[in-house]
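Encoded as structure tokens, the structure appears first; notes follow it.
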Amino acid sequence: MNAAEFRAEQLKALHAVQAGTINPNGVITGMRLEDGSYYVLSRYGNDVWILPDSLFSVGIKDTQKKLNFLRVPEAFRGTLRSCMAHYILSGIEGRSRPKGCTISKFFGKVTSFLTWLHDQNITRLSEVTPLIGHQYVNFCKGLKNRKRDPIVRSSLVQYLVAVENLHILSQQSDDPMQHLWPESSARHLAGLTGQGSDKFQEARTEIITNDILGPLFQSAVEWLDRVEEIVSLRARVNAWKSEGKSSNFITTSLKKLDWTIGGIRTAEQHLQTACMCIILITSGIRVSELCSLKNQCAFKTLDEEGEPFHWMRGTSYKTGVGACEWLVAEITHRALAIAELLVRPLQAQLEQCIFDLRSNNPNSPDISRLKGHAHRLFLATKTKQNNRIGTLSINSVITRLNAFAAQCGLGWRFAPHQFRRTFAVYAAHSALGDLRYLRDHFKHWSLDMTILYAMSRLQDAELYDSVGLAALSIKTDLLEHWLEPDAILVGGAAEPIRAFRTKNEALVTKKDRAEMAKTISPLVHLRATGVAWCTADTGGCNGGQGVEKTRCADCGNAVIDKSRKTVWQGIYAQQIELRDLTDIGPGGNERVERDIQRCEIVLKGLEATEEDLAYVAT
């Protein structure tokens with residue numbers, strides 16, 4: 001059927017549900033084929049409804065796209081079918097139409113509620129009272145996560161919101177449920193409103209720490225350096241196979257090279273994961289956006305001075321933005337090129353599979369499914385699905401990342417959003433570094449999000465917003481610390497801060513220093529230089545960067561606190577080594593002595609003793 005006919009069939013099914021009649025053949029979901037026609041995936045009477053790929057972001061498992069009504073207690077199946085049909089085809093009035101993951105999660109949480117009702121010997125929604133509703137709230141509060149800890153409030157609220165939505169949807173069925181907490185709400189019951197909720201609101205995804213991110217990135221780069229070795233080994237094995245060499249011959253030949261077939265396969269997987277690490281760390285994209293990347297997604301532009309900027313194209317799903325572009329580092333392009341090189345054999349197999357399907361059955365729905373994966377960079381052979389080739393799922397990417405970290409000797413367990421928040425925090429801390437475009441490209445000195453929003457509509461504004469929020473949070477925490485009476489500060493801008501905090505009347509109108517810091521942080525220009533914090537609101541300074549890293553020591557705009565002590569200790573140790581050189585000339589010697597004096601002034605100001613300086617020098 002064509003698009004108009006398909007939509008007409010869906011409307012028929014919706015009208016039947018609203019009229020309280022059952023039409024087992026009513027069309028619920030379908031997918032668009034190559035020729036523009038539609039293939040029906042689910043009808044009202046099916047025990048399992050399949051949601052189309054178009055409702056999901058890339059990287060979602062097929063099992064998460066199915067609604068299995070056989071999991072629902074039999075007494076509630078008819079009612080839930082009616083509610084789900086209304087939810088999928090029409091949504092909830094006043095809200096946007098639900099996406100695939102929203103539908104799937106709602107179904108899962110409602111199934112949990114209905115199963116709990118069944119265990120309480122309740123067989124109709126109309127029998128559920130507010131008292132029973134509050135008993136269910138208490139039951140949910142006792143649920144445990146995989147670590148056997150109580151579920152967090154953000155998870156608890158999902159169970160309760162599902163009940164609220166079921167109440168709304170059930171009004172269209174023949175078994176309507178009353179509102180179970182008419183004087184309250186799911187958010188309030190989950191503890192997300194009122195006193196005590198602020199702590200939750202400020203809770204964030206854990207960032208990846210320096211001692212994890214550094215070795216992870218370094219290992220990823222080292223794997224990228226091995227690409228020629230690994231690819232040539234795979235090519236040699238394929239050549240032997242095409243020549244008809246026996247498995248024993250291939251195994252023996254590889255053994256002479258200290259390799260095995262399994263070792264090559266593992267190396268290829270680690271190399272692919274290394275590409276993922278580089279891309280995630282240097283771009284701040286979500287894992288779903290990583291899975292969306294396709295061939296030739298890397299491109300360059302030049303500024304007015306001919307300076308190249310590296311870009312990456314992909315798809316952003318969470319906010320419905322669609323096509324998106326991210327500014328990345330040069331090494332990101334290298335990782336993308338290697339990922340494209342590695343995936344070519346699987347892409348070729350996929351193209352052959354599509355060709356065979358088209359030859360046998362031009363209208364096969366599998367053609368459209370496979371074409372959606374044909375040009376993606378991160379494919380894998382799914383052994384549990386008859387060796388079917390498809391895009392890596394988000395869970396598989398996280399599993400790969402954890403395995404890669406393990407081979408680095410790191411015990412970190414990654415979460416999908418960690419790289420994005422880590423990127424934002426590091427970008428906010430960074431003056432230039434690997435993320436120098438955050439200042440240079442947007443032509444402004446501080447991280448002012450107003451300018452960022454004026455950029456191309458294809459850019460990831462939400463990521464820039466995350467960077468801005470991270471920058472504001474860092475700035476507020478710094479100012480709060482600097483306002484503490486015993487905070488040790490060094491630098492030209494330290495004296496005005498010390499003078500300000502000694503005036504008690506300045507704090508009278510504020511509850512505490514935290515409130516004062518939040519009030520004044522938007523008014524203070526603050527950026528990192530790598531060795532200090534700069535309060536200047538104009539550009540043109542190169543302090544903390546290049547060859548003159550000590551320039552911030554006697555700058556009137558610099559503030560140096562104990563968080564930068566180890567950095568200055570490292571610079572001091574390097575200058576002590578340079579002092580022993582005999583071939584740098586009088587100018588070089590003078591420069592070294594000046595930098596040593598600057599370091600000593602800073603370190604003594606940060607309460608480093610003579611013994612500390614002597615220890616660093618050795």
Side-chain angles (χ1 to χ4, degrees), residues 1-33 35-56 62-111 113-115 117-118 122-128 162-178 363-366 368-369:
M1 63 182 76
N2 59 34
E5 292 169 339
F6 176 75
R7 184 55 185 161
E9 288 297 316
Q10 284 188 314
L11 289 173
K12 276 187 196 177
L14 178 60
H15 293 155
V17 170
Q18 292 172 337
T21 59
I22 297 176
N23 179 10
N25 293 319
V27 173
I28 302 299
T29 63
M31 62 178 290
R32 191 173 185 273
L33 301 179
D35 60 1
S37 63
Y38 276 75
Y39 175 83
V40 175
L41 292 173
S42 310
R43 296 185 182 275
Y44 189 88
N46 295 151
D47 287 328
V48 178
W49 290 2
I50 300 173
L51 302 175
D53 293 344
S54 59
L55 288 179
F56 294 87
D62 288 343
T63 53
Q64 294 175 263
K65 301 174 185 177
K66 297 178 180 179
L67 310 181
N68 187 352
F69 288 94
L70 296 178
R71 292 174 46 209
V72 181
E74 188 173 357
F76 295 108
R77 284 178 197 169
T79 301
L80 186 57
R81 262 200 181 90
S82 172
C83 292
M84 291 307 303
H86 195 280
Y87 194 44
I88 293 171
L89 298 177
S90 181
I92 293 177
E93 186 177 356
R95 306 181 193 177
S96 57
R97 291 279 293 278
K99 295 290 187 180
C101 283
T102 303
I103 296 170
S104 180
K105 288 177 181 178
F106 169 70
F107 182 83
K109 296 296 186 291
V110 166
T111 297
F113 174 59
L114 298 178
T115 301
L117 291 179
H118 177 265
I122 297 172
T123 58
R124 290 183 60 81
L125 291 180
S126 55
E127 298 173 4
V128 184
V163 174
E164 290 182 341
N165 290 339
L166 179 62
H167 154 69
I168 296 170
L169 294 169
S170 70
Q171 306 309 306
Q172 305 281 341
S173 72
D174 59 358
D175 186 19
M177 182 177 74
Q178 63 177 304
N363 295 321
S364 171
D366 287 333
S368 294
R369 287 197 189 99

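Positions are given from 1 along the sequence.
- Distance NZ/K105 to CD/Q64: 8.5 Å, rounded to 0.5 Å.
- The distance from atom OG of S104 to atom CZ of F56, rounded to the nearest 0.5 Å, is 5.5 Å.
- Residues E9 and Y38 form no side-chain contact, since every pair of their non-hydrogen atoms from C-beta on lies 4.5 Å or further apart.
- The shortest side-chain heavy-atom distance between R369 and D53 falls under the 4.5 Å cut-off.
- L166 is listed as a side-chain neighbour of L125, based on a closest heavy-atom distance under 4.5 Å.
- A donor-acceptor pair is defined here as one N or O able to donate and one able to accept, closer than 3.5 Å; no such pair exists between the side chain of Q172 and the backbone of C83.
- Classified by interplanar angle (parallel below 30°, tilted 30° to 60°, perpendicular above 60°), the ring pair F106/Y87 is tilted.
- No side-chain heavy atom of T111 sits under 4.5 Å from any side-chain heavy atom of N68.
- Rounded to the nearest 0.5 Å, atoms CZ (R97) and OG (S90) are 6.5 Å apart.
- Residues S54 and R32 are not in side-chain contact: their nearest non-hydrogen atoms beyond the backbone lie 4.5 Å or more apart.
- Using modelled atom types, one side-chain atom of S173 and one backbone atom of S170 make a donor-acceptor pair closer than 3.5 Å.
- Here I88 contributes atom CD1 and L67 contributes atom CG; the two are 5.5 Å apart, rounded to the nearest 0.5 Å.
- For the pair L33 and P365, the minimum side-chain heavy-atom distance is below 4.5 Å.
- D175 contributes no side-chain N or O that, together with a main-chain N or O of R124, makes up a donor-acceptor pair within less than 3.5 Å.
- Judged by distance alone, the side chain of Q171 and the main-chain N or O of M177 form a donor-acceptor pair under 3.5 Å.
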Assess the residue pair M84 and I103 against the criterion (side chain to side chain contact (heavy atoms under 4.5 Å, CB included)); give the C-alpha distance rounded to whole Å, side-chain angles, the decisive distance to 0.1 Å, and a yes or no.
CA-CA 8 Å; M84 291 307 303; I103 296 170; 3.7 Å; yes
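- Between the side chain of E5 and the backbone N or O of N2, at least one donor-acceptor pair lies under 3.5 Å.
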Before giving the answer on side chain to side chain contact (heavy atoms under 4.5 Å, CB included), spell out for L117 and E127 the whole-Å C-alpha distance, their side-chain angles and the decisive distance to 0.1 Å.
CA-CA 10 Å; L117 291 179; E127 298 173 4; over 6 Å; no
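- Residue pairs that meet the side chain to side chain donor-acceptor pair (under 3.5 Å) test with at least one member in residues 40-49, sequence neighbours left out, are T29-S42, D47-R81.
- Counting only distance, with no hydrogens or angles, the side chain of H15 and the backbone of L11 share a donor-acceptor pair below 3.5 Å.
- Within the 4.5 Å cutoff, side-chain heavy atoms of R95 are placed close to those of I168.
- The shortest distance between side-chain heavy atoms of L14 and H86 falls below 4.5 Å.
- For the residue pair T123 and A75, the shortest heavy atom distance occurs at O-CB, 3.7 Å.
- Summarising the geometry of G91 relative to L169, their closest heavy-atom pair is O-CD2, 4.4 Å, with the distance given to 0.1 Å.
- A 6.0 Å sphere centred on CZ of F6 holds more than 12 heavy atoms belonging to other residues, nucleotides or ligands.
- In terms of heavy atoms, Q10 sits closest to I28 at NE2-O, 2.8 Å.
- Evaluation of the ring pair (Phe, Tyr, Trp, His ring centres under 6.0 Å) rule for F76 yields no partner, not counting sequence neighbours.
- Here the OG-CE distance, from S37 to M31, works out to 10.0 Å after rounding to the nearest 0.5 Å.
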